[in-house]
Amino acid sequence: MRRAAVSIAIAAAFVLAVLLAAVLAGEEPGALTNWQALVLGLVQGATELLPISSSGHLILVPWLGDWTYLKENDEFNQTFDVGLHLGTLLAVAGYFRQDVAALARAWLGSLRRRRIETPAERVAWLVAVATVPAALVGAFGEEAIADRLGEPWQIAILLAAFGIVLWLADRTAPRRSLADLGLGTAVAIGVAQSLSLAPGVSRSGVTISAARFLGLDRDSAARLSFLLLVPITFGAVVYKSLTDVVLGDLPPGTAGPFVVGTLAALASGLAAIWALLGYVRRHSYSVFVVYRLLAAAVVLLLIATGVREAGF
């Protein structure tokens with residue numbers, strides 16, 4: 001995607017989100033405000049694609065700001081979550097539209113021939129197979145994960161622990177290309193991706209770490225992480241849209257935050273992809289490791305000093 005097109009898309013989505021928030025479009029008194037939705041959308045887009053945990057930040061930001069509406073209104077929260085993930089899905093699918101289309105054609109072609117022949121077909125199957133473990137864990141373990149994980153103190157520990165994992169993985173010398181990875185390594189990456197269902201781990205962070213441990217260079221690891229987002233997020237958005245939006249009883253005040261959050265996530269998601277790919281061609285992932293460790297330290301300090309409760 002060309003730089004000018006990316007810049008225009010980022011600016012257009014962001015400006016429209018701000019305008020809708022400013023006029024209070026679709027906003028209901030006592031519900032999540034459009035400005036809060038704007039902040040959470042920007043956080044989602046950036047943190048989903050940078051290796052710093054979107055699910056963790058979407059809990060920590062309301063925790064820090066004492067925004068309790070999403071915590072107290074789980075039905076609304078699930079609906080809003082669909083919009084935020086739709087924004088990041090549009091960002092990745094738009095930025096990598098040629099890659100996504102080529103991989104889809106390659107995958108369908110290999111199915112017709114019942115064999116894998118080209119590098120593009122191997123990458124397509126890598127993405128497909130790596131999606132399965134996270135999809136299964138998400139389908140059968142989502143409720144248990146939501147009930148047992150996601151407290152700020154847990155998020156802080158996971159931010160720090162998987163930050164160290166990222167640092168260690170980034171020391172691995174590159175020795176492979178994407179097309180060199182087999183289906184066995186695809187399963188390993190998929191299992192790693194399933195760990196990201198725990199807030200604080202980071203889907204992009206853990207898949208980049210797995211890819212770096214397997215010998216991919218930083219740019220290839222980031223691109224693989226972005227491509228892996230498309231099928232898993234598409235499936236989650238379709239499923240949640242049916243269960244929580246189409247078949248669900250939406251509470252009042254859904255429309256405004258939904259649209260504002262989606263646009264904000266699209267804008268920050270595009271910016272995050274653009275920035276990360278440009279950055280890792282010249283630098284290591286150490287800046288994200290440092291951020292994770294500092295964020296974990298701040299959260300634990302706030303809890304230890306009693307400024308914020310350990311739970312949310």
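Hydrogens, waters and symmetry mates are skipped; everything else that's a heavy atom, side chains included, is used.
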Run the side chain to side chain contact (heavy atoms under 4.5 Å, CB included) check on R148 and Q154 step by step: do they pass? CA-CA 10 Å; R148 292 175 173 80; Q154 296 169 327; over 6 Å; no
Distance from R105 atom CZ to S110 atom OG, nearest 0.5 Å? 13.5 Å
Verify the cluster assignment for L168 and L166: are they in a single hydrophobic cluster under the rule of side-chain heavy atoms below 4.5 Å apart? yes
Hey, is the main chain of K71 close enough, under 3.5 Å, to the side chain of T68 for a donor-acceptor pair? no
Is it true that L277 and F288 fall in one hydrophobic cluster, defined by side-chain heavy atoms closer than 4.5 Å? yes
Can you tell me if CD on E117 sees more than 12 non-hydrogen neighbours from other groups inside 6.0 Å? yes
Validation row: L38, N34 side chains within 4.5 angstrom (heavy atoms): no
Of all pairs that satisfy salt bridge (charged side-chain N to carboxylate O under 4.0 Å, His left out), the ones with a partner from residues 197-211, not counting sequence neighbours: E48-R203
What pairs with L86 under side chain to side chain contact (heavy atoms under 4.5 Å, CB included), at least two apart in sequence or on another chain? L90, V237, T262
Does any part of the side chain of R308, heavy atoms only, come nearer than 4.5 Å to the side chain of T305, both counted from C-beta? no
Would a hydrophobic clustering, with Ile, Leu, Val, Met, Phe, Trp and Tyr connected at side-chain separations under 4.5 Å, put W274 with V100? yes
Given side chains that start at C-beta, do those of L181 and R122 come closer than 4.5 Å, heavy atoms only? no
Pairwise side-chain contact, L40 with V61, heavy-atom cut-off 4.5 Å (strictly under): yes
Taking D147 for its side chain and A144 for its backbone only, find out whether a donor-acceptor pair lies under 3.5 Å. no
Residue from L276, L270, V92 passing side-chain contact (heavy atoms from CB on, under 4.5 Å) with L49: V92
OG1/T172 to CG/L216 distance, rounded to the nearest 0.5 angstrom? 10.5 Å
Under a 4.5 Å side-chain heavy-atom rule over Ile, Leu, Val, Met, Phe, Trp and Tyr, are I52 and V287 clustered together? yes
Decide yes or no on side chain to side chain contact (heavy atoms under 4.5 Å, CB included) for I155 and I59, but give the supporting numbers first. CA-CA 9 Å; I155 294 170; I59 294 171; 3.8 Å; yes
Side chains of residues 224-236: which donor-acceptor partners sit under 3.5 Å, not counting sequence neighbours?
from: S225; atom 1: OG; to: T207; atom 2: OG1; distance (Å): 3.0
from: T233; atom 1: OG1; to: L229; atom 2: O; distance (Å): 2.8

Of all the heavy-atom pairs spanning S209 and A169, show the shortest one and how long it is. O-CB, 3.4 Å
Is there a continuous path of hydrophobic side-chain contacts, each under 4.5 Å between heavy atoms, that joins I145 to L159? no
For W153, look at atom CH2 and say whether over 12 heavy atoms of other residues, nucleotides or ligands are found less than 6.0 Å away. no
Looking at side-chain heavy atoms only, is the closest gap between T185 and R176 below 4.5 Å? yes
Could you check if a side-chain atom of F96 sits within less than 4.5 angstrom of a side-chain atom of R223, using non-hydrogen atoms only? yes
Can you list every pair that meets salt bridge (charged side-chain N to carboxylate O under 4.0 Å, His left out) and has a residue in residues 10-24, with sequence neighbours left out? none
Check salt bridge (Lys or Arg N to Asp or Glu O under 4.0 Å) between R281 and all other residues, then give those that pass, not counting sequence neighbours. D219
Let's go through I164 and V289 carefully: what are the C-alpha distance in whole Å and the side-chain angles of both, what is the deciding distance for side chain to side chain contact (heavy atoms under 4.5 Å, CB included) to 0.1 Å, and is it a yes or a no? CA-CA 7 Å; I164 294 170; V289 175; 5.7 Å; no
Exercise: identify the closest heavy-atom pair between A198 and L158: CB-CD1, 4.0 Å
Kindly say whether Y69 contributes a backbone atom to a donor-acceptor pair with the side chain of N73 at under 3.5 angstrom? yes
Once ring-ring contact (aromatic ring centres under 6.0 Å, His included) is applied, do any residues pair with W125, and if so which ones, sequence neighbours excluded? W107
Closest approach of S55 to G200 (non-hydrogen atoms, all atoms of both residues): OG-N, 4.0 Å
How close do S194 and V137 get, heavy atom to heavy atom, and via which atoms? CB-CG2, 3.8 Å
Grouping ILVMFWY residues whenever side-chain heavy atoms fall under 4.5 Å, the cluster of F140 otherwise contains V132, L136
Could you pull out all residues at least two apart from E121 that satisfy salt bridge (Lys or Arg N to Asp or Glu O under 4.0 Å)? R113
Report the residue from S54, S268, S202, S204 that forms a side-chain contact (heavy atoms from CB on, under 4.5 Å) with T47. S54
Listing request: all side chain to side chain donor-acceptor pair (under 3.5 Å) pairs with a residue in residues 284-303, at least two apart in sequence or in separate chains. H57-Y291, S284-S286
Taking ILVMFWY side chains as joined if any heavy atoms are under 4.5 angstrom apart, and letting links pass through other members, which residues group with L300? none
Through direct or indirect side-chain contacts below 4.5 angstrom among Ile, Leu, Val, Met, Phe, Trp and Tyr, which residues connect to V15? L19
When rounded to the nearest 0.5 angstrom, what is the spacing between CG in L178 and CG in D217? 8.5 Å
If I compare all heavy atoms of G269 with all of A91, which pair ends up nearest, and what's the gap? C-CB, 3.8 Å
Separation between CD1 (I208) and CD (Q193), nearest 0.5 Å, reads 11.5 Å
Are F14 and L266 packed together at the side-chain level, in the sense that at least one heavy-atom pair is separated by less than 4.5 angstrom? no
Taking all heavy atoms of A267 and all of A13, pick out the closest pair and write down the distance. CB-CB, 3.9 Å
Taking only residues two or more places apart in sequence, or in another chain, which ones meet W167 in a ring-ring contact (aromatic ring centres under 6.0 Å, His included)? none
Taking the side chain as every heavy atom from C-beta outward, state whether L58 and L84 have any pair of such atoms under 4.5 Å apart. yes
Walk me through it: do V260 and W35 pass the test side chain to side chain contact (heavy atoms under 4.5 Å, CB included)? CA-CA 8 Å; V260 170; W35 289 113; over 6 Å; no
